[in-house]
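Bear in mind that the values here come from a model prediction, so they are computed numbers and not experimental data.
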Amino acid sequence: MTAKPSIGMAGIGLMGHGIARNLLRHGYPLAVLEHAGNQPLDELLAAGATTRASGAQLAAGADVVILCVTGSPQVEAVLLGDGGVLQGLRPGAVVIDCSTAIPTSTERMAQAVAAAGGRFLDAPMTRTPKEAAEGRLNLLVGGDAALFAECRPILASFAENITHAGPVGAGHRMKLLHNYVSLGFVALLAEAAACSERAGIDPQVLVQVLAQGGGGGAALERLKPYLLARDPSGLRFFMSNAQKDLGYYATMAEDGGAAHAIADGVLATYERAVQQGGAQALVPELVSLLAQGGAR
């Protein structure tokens, strides 16, 4: 039996922890990068994971390096920084970037990985930490088709739906398109719910009418616990991450000469919500912030 490739992983946050957990469950040798922002590692260490102090050390022992960090600045720092991944990358090793990133940065990072003797896939994800823990993420993958096929068994250990979106950068472009649509729907519903609240409409009635008509769908289902019981757990996504992703979308649209007037309004809504409610507020709380009138 061929041994499974060894994995090095940077970014054990809410999503990364679930990815790491499922890699271990499927028998992949796993080392993780030590970082203050990691979720508690006790479960992973008990399952056999080890830790590394630098990106170079992480890469030196890995056939595949998976990145699950906040965004393009963090990806660039982990790969290119002092003691970074590229300083320890093995010849022929694969870097898989599951972060959300600006596509033009992704293309530069792929070139840097290739210059260091490695290979690159961008594989951003959709869904929530719950699905990450269950191994049921959606992945949108950009890169060479043969490399995608080679890495698919690794990706399948933590993802339910895996789409090859096209060449390098296509995964991140598709992720930004998805998040703009998803967060845009949420912002529209939140603004309508805030207006409904100020008008004295029963939240149960609002949810029922929307669900039975054109307002039904994933966004409403994720907001429903907050609309009915002020429970934000239906969408455990920080307001600051929404702002970041929409900013990346605006950059992508501008780079491509695409229309983005609606996106600008959605981004401005999340920017004001961060100012009012704080970076760590969860996206469903946008309903209350808008109802207060401070994020108009």
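For the residue pair Gly8 and Ala62, the shortest heavy atom distance occurs at N-CB, 3.6 Å. When all heavy atoms of Ser6 and Gly61 are compared, the pair lying nearest together is OG-O, 3.1 Å. Listed here is the closest heavy atom pair of Glu43 and His17: OE1-CE1, 3.4 Å. Heavy-atom minimum distance, Ala193 versus Leu206: CA-CD2, 3.8 Å. Closest of all the heavy-atom pairs between Leu176 and Pro103 is CD1-CD, 3.7 Å. Summarising the geometry of Ala194 relative to Ala291, their closest heavy-atom pair is CB-N, 3.4 Å, with the distance given to 0.1 Å.
Evaluation of the salt bridge (charged side-chain N to carboxylate O under 4.0 Å, His left out) rule for Arg108 yields Glu76 as partners, not counting sequence neighbours. Scanning for salt bridge (charged side-chain N to carboxylate O under 4.0 Å, His left out) contacts around Glu34 gives an empty result, with sequence neighbours left out. Residues passing the ring-ring contact (aromatic ring centres under 6.0 Å, His included) test with Phe148, sequence neighbours excluded: His164.
Put simply, Val207 and Val283 are part of the same group of oily side chains (I, L, V, M, F, W, Y) that touch within less than 4.5 Å, one to the next. The cluster map of Ile, Leu, Val, Met, Phe, Trp and Tyr, joined by side-chain heavy atoms under 4.5 Å apart, puts Leu246 and Leu188 in different clusters. The hydrophobic clustering, which links ILVMFWY residues whose side-chain heavy atoms are closer than 4.5 Å, places Ile96 and Ile102 apart. Leu41 and Phe158 end up in the same hydrophobic cluster when Ile, Leu, Val, Met, Phe, Trp and Tyr side chains are linked at under 4.5 Å. The hydrophobic cluster containing Leu14 does not contain Phe237, counting ILVMFWY residues as joined when their side-chain heavy atoms lie under 4.5 angstrom apart, directly or transitively.
Atom NE2 of His172 and atom CG of Asn179 lie 10.5 Å apart (nearest 0.5 Å). Between the CZ atom in Arg152 and the CD1 atom in Ile162 there is a gap of 4.5 Å [rounded to 0.5 Å]. Residue Ile19 holds its CD1 atom at 11.5 Å from CD1 of Ile7, rounded to the nearest 0.5 Å. For the atom pair CG of Leu286 and CG of Leu189, the computed distance is 10.5 Å after rounding to the nearest 0.5 Å. Note that CD of Glu150 is 9.0 Å distant from CG of Leu121, once rounded to the nearest 0.5 Å. Summarising the geometry, atom OG belonging to Ser72 is positioned 8.0 Å from atom CG belonging to Asp97; distances are rounded to the nearest 0.5 Å.
Side-chain contact between Met125 and Leu140 is absent, with no heavy atoms from C-beta onward closer than 4.5 Å. At a threshold of 4.5 Å between non-hydrogen side-chain atoms, the residues His26 and Lys4 count as touching. With a 4.5 Å cut-off on side-chain heavy atoms, Val205 and Gln208 do not count as touching. Side-chain contact check for Leu282 versus Met239: every heavy-atom pair is 4.5 Å or farther apart. Side-chain contact between Tyr249 and Leu177 is present, with heavy atoms from C-beta onward closer than 4.5 Å. At a threshold of 4.5 Å between non-hydrogen side-chain atoms, the residues Leu139 and Thr126 do not count as touching. At a threshold of 4.5 Å between non-hydrogen side-chain atoms, the residues Ile66 and Cys98 count as touching. Tyr28 places a side-chain heavy atom less than 4.5 Å from the side chain of Pro5.
The environment of Asp202 atom CG is dense: over 12 non-hydrogen atoms of other residues, nucleotides or ligands sit within 6.0 angstrom.
A salt bridge does not link Arg230 to Glu285: none of the charged nitrogens lies less than 4.0 Å from a carboxylate oxygen. Contact check on Arg90 versus Asp63 returns a salt bridge, with a Lys/Arg side-chain nitrogen under 4.0 Å from an Asp/Glu carboxylate oxygen. Under a 4.0 Å N-O distance rule, the pair Glu107/Arg173 qualifies as a salt bridge.
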For residues 211-223, which side-chain N or O atoms pair as donor and acceptor with protein atoms under 3.5 Å away, sequence neighbours left out?
{"unit_1": "Glu221", "atom_1": "OE1", "unit_2": "Lys224", "atom_2": "NZ", "d": "3.4"}

Please list, one pair per line, the donor and acceptor atoms closer than 3.5 Å that link side chains of residues 253-266 to other protein atoms, with sequence neighbours excluded.
{"unit_1": "His260", "atom_1": "ND1", "unit_2": "Asp264", "atom_2": "OD1", "d": "3.1"}
{"unit_1": "His260", "atom_1": "ND1", "unit_2": "Asp264", "atom_2": "OD2", "d": "3.0"}

Notebook entry, point to check: Do Leu45 and Val32 pass the side chain to side chain contact (heavy atoms under 4.5 Å, CB included) test, and can you show the C-alpha distance, the side-chain angles, and the key distance before you say yes or no?
Noted result: CA-CA 10 Å; Leu45 296 175; Val32 301; 5.6 Å; no

Notebook entry, point to check: Stepwise, does the side chain to side chain contact (heavy atoms under 4.5 Å, CB included) test hold for Arg119 with Asp144?
Noted result: CA-CA 9 Å; Arg119 300 175 291 163; Asp144 176 76; over 6 Å; no

Notebook entry, point to check: Step by step, would you call Met252 with Thr104 a side chain to side chain contact (heavy atoms under 4.5 Å, CB included)?
Noted result: CA-CA 8 Å; Met252 180 178 76; Thr104 51; over 6 Å; no

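In terms of modelled atom types and a separation under 3.5 Å, the side chain of Lys244 and the main chain of Thr70 share a donor-acceptor contact. At least one donor-acceptor pair closer than 3.5 Å links the side chain of Asn22 to the backbone N or O of Ala132.
Residues Tyr226 and Ser288 have side chains that bring a donor and an acceptor to within less than 3.5 angstrom of each other. Thr50 and Arg52 share a side-chain donor-acceptor pair at under 3.5 Å. Counted by atom type alone, Glu131 and Thr128 present one or more donor-acceptor pairs between their side chains at under 3.5 Å.
Side-chain contacts under 4.5 Å among hydrophobic residues (ILVMFWY), followed directly or transitively, place Val69 together with Leu33, Leu58, Val65, Leu67, Val75, Val78, Leu79, Leu80, Val85, Leu86, Leu89, Val95, Met109, Val113, Phe120, Val168.
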